[in-house]
Amino acid sequence: MNHFTDVRRWLKEEKRYQEWQNLEVQWIQHHDPILQVLDENGNEKEQIDLTEYNYNQLPEMLRQKGFKMQGEY
């Protein structure tokens, strides 16, 4: 992930993912950062390659996928 500076900064350095509800991170060495969106039964419904997004696009994409920030209803 070192060559994906925006994603690394958002995930590892600033840990911005912690600001979002129902968003967990599992670190898998030597794998590109992939967001797996699950349905209400825990089944995978979509995979999103986070390397395609810059720092400011990540929260926009999460909102489009229905994620909410901590404290939002």
Side-chain angles (χ1 to χ4, degrees):
M1 181 163 28
N2 288 331
H3 46 287
F4 305 114
T5 55
D6 281 348
V7 176
R8 184 186 71 236
R9 180 176 150 212
W10 201 88
L11 287 172
K12 284 194 139 185
E13 294 171 10
E14 296 181 9
K15 299 183 182 185
R16 299 287 308 272
Y17 67 90
Q18 294 175 342
E19 300 171 354
W20 295 84
Q21 298 176 35
N22 302 315
L23 189 61
E24 298 176 15
V25 172
Q26 292 181 343
W27 303 107
I28 303 173
Q29 289 186 334
H30 309 294
H31 287 265
D32 285 347
I34 303 293
L35 173 65
Q36 293 180 324
V37 181
L38 307 178
D39 65 15
E40 50 279 339
N41 296 319
N43 299 313
E44 183 180 302
K45 70 178 190 181
E46 185 176 6
Q47 282 194 5
I48 301 167
D49 183 354
L50 297 181
T51 64
E52 297 177 10
Y53 296 88
N54 69 35
Y55 185 88
N56 294 319
Q57 292 172 321
L58 287 165
E60 294 172 18
M61 178 272 298
L62 290 172
R63 286 217 182 272
Q64 289 176 352
K65 297 299 177 184
F67 289 89
K68 295 182 182 180
M69 294 192 82
Q70 299 291 352
E72 287 184 337
Y73 298 101

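Computation of the quantities below employed the complete heavy-atom set of this structure, encompassing side-chain atoms and omitting hydrogens, waters and symmetry-equivalent molecules. Predicted model, so just to flag it, every value in this text is computed and none were measured.
- Between W10 atom CH2 and T5 atom OG1 the span is 15.0 Å, to the nearest 0.5 Å.
- Of all heavy-atom pairs between Q70 and Q18, the closest is NE2-O, 3.5 Å.
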Q: Assess whether side-chain contact (heavy atoms from CB on, under 4.5 Å) is satisfied between Q57 and M61, documenting all intermediate values.
A: CA-CA 6 Å; Q57 292 172 321; M61 178 272 298; 5.8 Å; no
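- Between atom CG of residue L62 and atom CG of residue L35 there is a gap of 6.5 Å, rounded to the nearest 0.5 Å.
- Side-chain atoms of Q47 never come within 3.5 Å of backbone atoms of Q36 as a donor-acceptor pair (strictly under, hydrogens ignored).
- D49 places a side-chain N or O within 3.5 Å of a backbone atom of T51 that can act as its donor or acceptor partner.
- L38 and L23 fall into different hydrophobic clusters, where Ile, Leu, Val, Met, Phe, Trp and Tyr residues are linked whenever their side-chain heavy atoms come under 4.5 Å apart, directly or through other members.
- Under the 4.5 Å side-chain heavy-atom criterion for Ile, Leu, Val, Met, Phe, Trp and Tyr, V25 and Y53 are members of the same hydrophobic cluster.
- How far CD of Q26 is from NE2 of H31: 11.5 Å, rounded to the nearest 0.5 Å.
- Between E72 atom CD and E19 atom CD the span is 11.0 Å, to the nearest 0.5 Å.
- Atoms NZ and CZ, on K12 and R8 in that order, are 9.0 Å from each other to the nearest 0.5 Å.
- Under a hydrophobic clustering in which Ile, Leu, Val, Met, Phe, Trp and Tyr are joined whenever their side-chain heavy atoms come within less than 4.5 Å, directly or via other members, L58 and I34 fall into different clusters.
- Taking the six-membered ring where tryptophan is involved, the planes of Y17 and W27 are perpendicular, since the angle between them exceeds 60° and thus also 30°.
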Q. Passes side-chain contact (heavy atoms from CB on, under 4.5 Å), Q21 versus Y73? Steps please.
A. CA-CA 10 Å; Q21 298 176 35; Y73 298 101; over 6 Å; no
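- Note that CG of D6 and CG of L50 are 11.5 Å apart. Values are rounded to the nearest 0.5 Å.
- In this structure, P59 and W20 have side chains that are in contact, with non-hydrogen atoms separated by less than 4.5 Å.
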